Amino acid sequence: MNNGYLNKLYIAMVGLPARGKSTVAAKLKEGLKKENIKVRIFNNGDLRRKLLSEDSSRPDFYNPENKANAEQREHIALTNINNASRYLQGDGQVAVLDATNVSLKRRRTIQNILTDHPILFVECINNDEEILKASITKKTEQPEFSRMDFQEAFDGFKKRIRYYEHIAQPLQEERNYYVLDSLNNQILGERMNDNIFCNVQVRDLLVSDWVKNLFLVRHGESYFNLENRIGGDSELTPNGWYQAQALAAHFKQTNIPNIYTSTKKRTVQTARPISEMQKNAQVMQLKEFNEINAGNCEYMSYDEIRREKPEVFYSRTKDKYNYIYPEGEGYVTLKHRVDRGLKKAIYLSGNASYIMIIGHQAVNRMILAHFLYRRKEDVPYIYTPQDRYFHIVSTQSKKLFELKRY
Ligand code: F6P
């Protein structure tokens with residue numbers, strides 16, 4: 001085998017629709033570019049949208065029984081396979097085929113044509129029904145579905161997935177592959193028979209965080225904050241609204257397409273001026289970001305808890321992380337749902353350059369702990385001021401953490 005064979009690479013994405021393939025492809029491209037490697041993505045969906053009418057957004061376009069449309073899809077796939085080949089014949093080093101490639105037949109076609117360099121298949125798997133539903137909902141907002149109402153677009157996309165499920169076959173005979181849990185950035189299976197160009201970088205990228213810029217904000221001052229009361233669902237004070245306005249003005253020039261809040265009024269209200277000042281921000285309420293549930297201490301002030309429920313007050317002071325409020329939560333139980341909310345927000349944001357999460361004190365501490373690797377016992381004391389926000393970057397090549405004024 002000559003060296004020319006090994007110094008370039010085809011990466012072929014594999015996976016049902018809405019499994020995060022394009023995000024992973026973009027992550028590989030941006031990550032490898034930082035290593036001065038020339039990468040290009042060949043996306044079948046983009047080519048389809050360019051070449052074909054809106055009919056190709058309808059589910060029956062994906063029905064394998066429908067010969068004429070199957071041929072059109074085959075034509076698009078072959079065009080991209082050939083473009084990828086030409087790219088590597090030139091000065092390109094890595095060509096990424098971003099398409100479902102779920103059938104063995106399609107993968108054999110790829111392998112039969114692309115014989116000049118190794119092929120690495122990267123399969124993305126995510127079977128989390130709830131997150132898939134949210135992801136499909138988000139997809140229905142794309143321009144290609146603009147002529148359909150939400151339900152038609154949503155049901156149509158699910159039907160499209162079912163058509164792909166009919167023809168999907170697991171990776172088995174391919175020489176090189178990774179099977180990736182794309183929600184948890186975890187490699188579930190791998191096989192390497194060839195020396196894969198830049199495999200070390202690729203593998204590490206697949207498991208790395210991909211948070212280009214996260215602005216983590218605590219909601220503005222609420223009426224309960226003024227009284228030192230916990231929990232509840234109180235509104236922002238005039239000062240809280242002022243903070244929200246100031247935050248909005250601060251981020252006016254930054255395009256933040258995805259803003260996540262809890263379902264509580266104080267976070268939703270904090271998001272309002274920001275989303276109004278943004279051109280096309282989408283605000284999504286995630287219940288996973290609701291503040292710690294203080295059970296039968298909800299609505300009480302810390303002073304009242306000390307006076308009326310001293311056993312709660314002192315047990316919590318002794319071991320704040322592990323203490324669980326009667327009929328409520330503790331940091332220890334909050335962790336799971338906040339982690340899930342964070343994964344969900346990151347997954348749904350795809351390759352967005354900016355994400356904002358507007359959360360609460362305990363919730364933001366858990367999110368910060370994820371990026372800061374704090375000892376558990378210190379997490380419930382992380383400083384989360386309301387007049388500042390955290391700017392977080394966590395990618396393979398950069399870790400940044402900054403508390404900023406607005
Ligand atoms: O005081 C505001 C608040 O968000 C409460 O709703 C919540 O119970 C508390 O902060 C969490 O902080 P700590 O764990 O320090 O009590």
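Please read these numbers as outputs of a predicted model, since none were measured by experiment. Both ligands and their constituent atoms are indexed starting at 1 by order of listing.
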Completion exercise
Atoms of ligand 1 under 4.0 Å from any heavy atom of R316, numbered from 1 in the order shown, are 13 (P), 14 (O), 16 (O)
Problem - Sub-3.5 Å N/O-N/O distance, R365 and ligand 1 - result: yes
Practice task
Keeping the roles fixed (side chain from R107, backbone from Q169), state whether a donor-acceptor pair exists under 3.5 Å.
Solution key: yes
Exercise for the section: Using the side chain to side chain contact (heavy atoms under 4.5 Å, CB included) rule, pick out the option among N184, I187, D181 that qualifies with V207. Expected result: I187
Exercise for the section: Would you please indicate yes or no on a ring centroid separation below 6.0 angstrom for F289 and Y260? Expected result: no
Completion exercise
Looking only at protein heavy atoms, what sits closest to atom 10 (O) of ligand 1 is Q361 NE2, 3.1 Å
Completion exercise
min-distance protein heavy atom vs atom 4 (O) of ligand 1 -> E291 OE2, 2.5 Å
Fill in the blank from the handout: heavy-atom search around atom 6 (O) of ligand 1 in the protein gives G231 N, 2.7 Å
Exercise for the section: Please report which non-hydrogen protein atom sits nearest to atom 1 (O) of ligand 1, along with the residue it belongs to and the distance in Å to one decimal place. Expected result: Y302 OH, 3.8 Å
Practice task
Might you work through the salt bridge (charged side-chain N to carboxylate O under 4.0 Å, His left out) test for K158 and D155, ending with a clear yes or no?
Solution key: CA-CA 5 Å; K158 287 202 79 166; D155 294 344; over 6 Å; no
Problem - N185 CG to K343 NZ distance, which is reported to the nearest 0.5 Å - result: 9.0 Å
Practice task
Compute the shortest N/O to N/O distance between N225 and ligand 1 and return yes if it is under 3.5 Å, no if not.
Solution key: no
Exercise for the section: Return a yes/no value for H219: is any of its N or O atoms, backbone included, closer than 3.5 angstrom to an N or O of ligand 1? Expected result: no
Handout entry: Side-chain H-bond candidate by donor/acceptor type, Y223 with R229, under 3.5 Å
Key = no
Handout entry: Over 12 non-hydrogen atoms of neighbours within 6.0 angstrom of NZ in K399
Key = yes
Practice task
Answer side chain, backbone, both or neither: which part of Y331 comes under 4.0 Å from ligand 1, heavy atoms only.
Solution key: side chain
Completion exercise
So the atoms of ligand 1 within less than 4.0 Å of a heavy atom of K320 turn out to be 13 (P), 14 (O), 15 (O)
Practice task
For I292, counting its heavy atoms only, list the atoms of ligand 1 lying under 4.0 Å from any of them.
Solution key: 7 (C), 8 (O)
Exercise for the section: Compute both the distance and the angle, then confirm whether K320 meets the cation-pi test with Y381: under 6.0 Å from the six-membered ring centre, within 45 degrees of the axis. Expected result: yes
